[in-house]
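Below: one structure, written as structure tokens.
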Amino acid sequence: MSRVQIILIMGLMAFAVRALPQLLFVGQEFPASWDRLLRYLSYAFICSIISVTLFMTDGKFEAHAAPFRGIALAVSIGVAYWTRSAVTGMIIGMMFVLVLSWLC
């Protein structure tokens, strides 16, 4: 499975974690603590999955590519924060990694 596939699958899973409770409990209001948890959980999923898939290949840390991939991770986090959309951050971060991989 490629990095792109892993990132897309995990992005869909993070979206499902946020959407499923809202679909199951239609018309009910979440407590503030649950709302905060669901809001930031997808960002945590996206950041953890992207960071693992960016910095490791076959269970080994890739030191030569780490600086460029760190920049891509920071961009994806910034975009996700700025747009308030984890999926948008994931897509922009993935495109940024692909551009950097073609340049280096």
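Keep in mind that the numbers below use all heavy atoms, side chains included, and drop hydrogens, waters and symmetry copies. What you see is a predicted model; the values in this text were computed from it and never measured.
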Testing the basics here: between Ser76 and Gly93, what is the closest heavy-atom pair and its distance to 0.1 Å?
CB-CA, 3.5 Å
Can you check side-chain contact (heavy atoms from CB on, under 4.5 Å) on Trp82 and Thr88, steps first, answer last?
CA-CA 10 Å; Trp82 182 63; Thr88 303; over 6 Å; no
Atom pair OG (Ser85) and CD1 (Ile91), whose distance is rounded to the nearest 0.5 Å:
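Atom-to-atom, Ser85:OG and Ile91:CD1 are 7.5 Å apart.
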Would you kindly confirm whether Met90 and Tyr81 end up in one hydrophobic cluster when ILVMFWY residues are joined by side chain heavy atoms under 4.5 Å apart?
no
Is there a chain of hydrophobic side chains (I, L, V, M, F, W, Y, each step under 4.5 Å between heavy atoms) that links Trp34 to Leu23?
no
